[in-house]
Every structure is written in structure tokens, then in C-alpha cells.
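Throughout, protein chains are lettered first and strands after them, A, B, ... in sequence-line order, and every chain is numbered starting at 1. Atoms considered below: every heavy atom in the structure, side chains included; atoms not considered: hydrogens, waters and symmetry mates.
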Number of protein chains: 2
Amino acid sequence: MSDISKRSIDRLSLYLHYLRDKKEQGIKDISSVTIAGDMNINAVTVKKDLARIAGQSGKPRIGFDIETLIHDIQTALGYNKLDNVVLVGVGQLGHVLLSYNGFAGYGLNIVAGFDTDQSKVGTVVCGKPIFHIDRLADVVSKYDVRMGIITVPKEHAQAAADCMIAAGIQGLWNFAPTHINIPENVMIKNEDLASSLAILSNELRKK
Amino acid sequence: MSDISKRSIDRLSLYLHYLRDKKEQGIKDISSVTIAGDMNINAVTVKKDLARIAGQSGKPRIGFDIETLIHDIQTALGYNKLDNVVLVGVGQLGHVLLSYNGFAGYGLNIVAGFDTDQSKVGTVVCGKPIFHIDRLADVVSKYDVRMGIITVPKEHAQAAADCMIAAGIQGLWNFAPTHINIPENVMIKNEDLASSLAILSNELRKK
DNA sequence: AATATATCGATAAAAAGATACCGATAACTA
DNA sequence: TAGTTATCGGTATCTTTTTATCGATATATT
């Protein structure tokens, strides 16, 4: 159940957006071929992706029940359970993420922000308290936090990561544009806007 | 030269961060095996990635000259030429991207922001003028813009994309969490934070 | 009720990507 | 100067992912 490829996860996420749109339009059922056509993805790929995660099996001449399918994808992507996470680095980007109310829809609950700047400590951003980094371990154990978001300047990214790992965090979501060393048992996902951009730019140049 | 795989581009971007760190530490040369070891990537993969884009060939027992390698990666990723882009949707996230000075280092120059909100039109964010969306086509043709960033609320994402495509933009970088329909000849890169998160969360669950 | 058709899901083939192996080469060492 | 060693780069293999093909099935149509 857990061995979904990264590309498949990426696509599932796209299907989800697409299906929610369709549902809002009042459409009840949809076929994999229709999805594939609208999204410019090979139909068999779509079928494979859906077959792996769908509880229902699609009906010939009808397709899949959209509502059930949305639920299945959400479950597969982990959006239906709630994970507590913390955020370290309450700068501009940190603010944006703290303020983004949509995360709950993705099974993510930011319990608190952390910083070393005393002028930020004690404030509240969008209902989330900002603590000094010293209190990280407390919060992590209290709220059973497994994931942490890094939005500090790149000079402090390694130190922030070390703090979080010491506090018991197992998964890092890194927005700082730098390489971070982590032990084997910790996962990291680098959110590198520049590389996304490079991919787009590269595709564009091919034309 | 242009047919670098997406995964390779992703990795090249990581190498770049890593190599810049090493350069700052005063290190002159580095071997692919060292890079691979530090980054937990297979050594052959690193060699292949570098071989494809490096102008120099690495020297036995020394490795690659870091400075040259950095330059080669930047060239391969398109960071050494400057592309003009526009941004549509001057909300919170739009502000962050407009304010981010690091883009220049990635060959990206945001020439202007666009919005429909009259209270925003005419203002300047971080040196970049905000225009009404009606003026998009003018700016695109004047500055030879090929790429556009979408940071509008998801309800308006399709309309924004249509505007940009009509204005002649060929590549879209979409931050709105929704599916966008585009013609065949236009490229789109969906920047889906939720799916990144799902990938991390999924890896975490495997353990 | 019988037939036609759209769709699914499974199996097979093809393509892409990652990994292993090995000879060649240039720097280090004695 | 000669031998040793670390590293590169190319070829071959293996794995993963995508795409193609085909029979089965449920729905719609006549």
C-alpha cells in the first residue's frame, strides 16, 4: 500500500484537483480515459494509478464514482488523517505557510512556529503561537510531531535541521536553498523552487 | 544537450547547492564519489549526471574543479542566461515571490506583477511595478516574456492562464492548487506543495 | 431479450533510468 | 623513474516506469 512511486503520487495529486472540480460541476462518474484525455496523460498510466489506490473497481461504460474516488485518493495520500507539524523560521515565507489555511485539507496541522528572534517569540501568527527554538523538544514530544518545516535563511538551515532531529523529528520539509546533512533514519524533501523552474525552462527550450 | 531527465535536473540542482557550500569552505576540487557519499546518491548516477553536462572531464585522483563544475551546472540549468517572466496574482504568495531577490541567481527576472484589484494596480512591490491584467500582452511582447507565474486564488487560475496564453506566454508555473487546461503547445509546471508533502509523508509511513 | 459498445483490468512489450563492472589514465609514493 | 592507487568514462545489466494490446463485463440500444 505504501509503495506508490513519487511520480504516481504527483499525478494522484493532480487527479484530485481535477476530480474536485468535476464534482463541483455536478458530475457523478468519470472514466479513466476521460481523465487521461483532459490531463494529457496516457490512459493506461491513469488506470494503473487508480487501480493501485481505489477501493472500488470502475464499472464498464460508467467509470468511477467521483466522490468515492476522491476519498480513496485522499486516503492514499494521507490527507484523511491529521499530522501535527512544526515550522522553524518565522520569516516572510514562514508567515505565508503559517497563514495558509488550506493545509488542514491535506492532513497537516501546524501546531506552532519557532524562531530565535526575541521580537517574534510570544507573538501569534494566524492563531499559531511562536516559541523560542529552545522549546522545540517540548512541543514535539507533547504533540507527537513527526514532521518539520524549515523556512530559515540558508545559513541557519543546517542548525535548524539538527535541532529538529535532536528533538525527535523524522521528516524534514526544507525550503532553504541549500544542502542539509541528515542521518540515515531521517527523511528530507527539498522544496527547491529553482529546480522546478529549471525543469520548466528546460522543457521550453526543447521546443 | 537539452534532453536532461527531470530527475537529473532535480539532482543537478542539489549538487549545485552542495558545491557552492564546498566552494565557500575553500575546497577547490571534488570527486563524484565524494559528492555521492555526502548526498546519499549512487556514485554512478552522480557520474552520469555530471558527465552529461560538464565541459571539463574529471581528472583521476583529483576529480572536478568545483568552480568550473558550478558554472557548467548553472549553464545546463539555464541560470547563466536571463529570462524575463511575469507574475499574475499579487496576493500574499505573489508578494513573497516578487520580493525574493534570489531569482536573479537562477536566471529569472520578474519584470512586473499583474492583478485586477485596483487598489494594487499602480503600486510597486520590491521595485517591480504592478499593472492591471489588461496590460499583460503589452508587457509580454515588449520584454519578450516566455514564462509566467500564476499565484491567483484557484477560482481564477484558469482565467489567468488563458490571459497569459493569449498574450503569448509559452510556459506556466502554477502555484494555484487546481487543474488548468492548456493547449498542446504550452508547458505547465504545477507547483503543488501538497503533493510534495504527500511524498514526504508517504516515505515516513514506510518506516 | 439480444446485440453493440464503452470501459475495465490483466498481461506483455517497450522505454527510461539506475546500478554494476572494467579498462584507461593521471597523480601520488617510494 | 617505476609502481601503486584513486578516479574517470564507457559498455553492459538490471530495475522501474510507461505504454500497448486484448479478453471480460456491465450498460445502453434496438
Fill in: Heavy-atom pair of closest approach, residues B:Ala36 and B:Ala43
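For B:Ala36 and B:Ala43, the tightest heavy-atom pair comes out as CB-CA, 3.4 Å.
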Practice prompt. Heavy atoms only: give me the nearest A:Ile9-B:Ala198 pair and the separation to one decimal.
Written response: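 In terms of heavy atoms, the two residues are closest at CG2-CB, 4.0 Å.
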Discussion item. Before we go on, tell me: are the rings of A:Tyr100 and A:Phe103 under 6.0 Å apart, centre to centre?
Written reply: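 That pair passes the under 6.0 Å test.
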Worksheet item: Just wondering, are more than 12 heavy atoms of other shown residues or ligands nearer than 6.0 Å to CD in B:Gln56?
Response: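 Yes, because the 6.0 Å sphere around CD of B:Gln56 holds more than 12 heavy atoms from other groups.
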Discussion item. With a sphere of 6.0 Å drawn around NE2 of A:His95, does it hold more than 12 non-hydrogen atoms of other residues, nucleotides or ligands?
Written reply: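 It does not: A:His95 NE2 has 12 such atoms or fewer within range.
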Atom-pair distance ([atom1] on [X]; [atom2] on [N]), nearest Å:
X       : N      : atom1 : atom2 : answer
B:Gln56 : D:dT7  : CD    : P     : 15 Å
A:Arg7  : D:dT19 : CZ    : C1'   : 13 Å
A:Lys48 : D:dT21 : NZ    : P     : 14 Å

Practice prompt. Could I get the full list of side chain to side chain contact (heavy atoms under 4.5 Å, CB included) partners for A:His132, not counting sequence neighbours?
Written response: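 By the side chain to side chain contact (heavy atoms under 4.5 Å, CB included) rule, A:His132 matches A:Thr116, A:Gln118, A:Val121, A:Asp134.
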Taking the side chain as every heavy atom from C-beta outward, state whether [X] and [Y] have any pair of such atoms under 4.5 Å apart.
X        : Y        : result
B:Trp173 : B:Glu191 : yes
A:Ser201 : B:Leu77  : no
A:Met39  : A:Tyr15  : yes

Any N/O pairs under 3.5 Å between the protein and nucleotides 25-29 of chain D? List them or say none.
unit_1: D:dA28; atom_1: O4'; unit_2: A:Arg61; atom_2: NE; d: 3.4

Discussion item. Let's see if you get this right: which residues in residues 63-70 of chain B place a heavy atom under 4.0 Å from DNA chain D?
Written reply: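 Going residue by residue through residues 63-70 of chain B, the ones with a heavy atom under 4.0 Å of DNA chain D turn out to be B:Gly63, B:Phe64.
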Worksheet item: When you measure from every atom of DNA chain D, which of residues 8-32 of chain B have a heavy atom less than 4.0 Å away?
Response: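 DNA chain D contact set from residues 8-32 of chain B: B:Ser31, B:Ser32.
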Worksheet item: Got a salt bridge between B:Lys81 and B:Asp83, using NZ or NE/NH1/NH2 to carboxylate O under 4.0 Å?
Response: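 Result for this pair is yes, salt bridge flagged.
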Worksheet item: Going from NZ on A:Lys22 to NZ on A:Lys28, what distance comes out if it is rounded to the nearest 0.5 angstrom?
Response: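 One gets 14.5 Å once the value is rounded to the nearest 0.5 Å.
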Discussion item. What's the separation between atom CG in A:Asp10 and atom CG in A:Asp49, rounded to the nearest 0.5 Å?
Written reply: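 Taking CG in A:Asp10 and CG in A:Asp49, the distance rounds to 10.5 Å.
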Worksheet item: Do B:Thr68 and B:Asp65 have a side chain donor and acceptor closer than 3.5 Å?
Response: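 Checked: B:Thr68/B:Asp65 side chains pair up, N/O donor to acceptor below 3.5 Å.
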Discussion item. We want to know whether A:Gln158 and A:Asp162 form a side-chain donor-acceptor pair, criterion being a heavy-atom distance below 3.5 angstrom.
Written reply: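 Present: a donor and an acceptor within the cut-off.
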Worksheet item: Where does the angle between the aromatic ring planes of B:His179 and A:Tyr18 fall among parallel (under 30°), tilted (30 to 60°) and perpendicular (over 60°)?
Response: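 Correct class here is perpendicular.
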Worksheet item: Which nucleotide span of DNA chain C, 5' end to 3' end, has atoms closer than 4.0 Å to non-hydrogen atoms of chain B?
Response: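 The protein-touched segment is C:dG17 to C:dC28.
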Worksheet item: Listed in order of residue number, which residues of residues 36-45 of chain B have a non-hydrogen atom at under 4.0 Å from DNA chain C?
Response: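 Only B:Asn42, B:Val44, B:Thr45 qualify.
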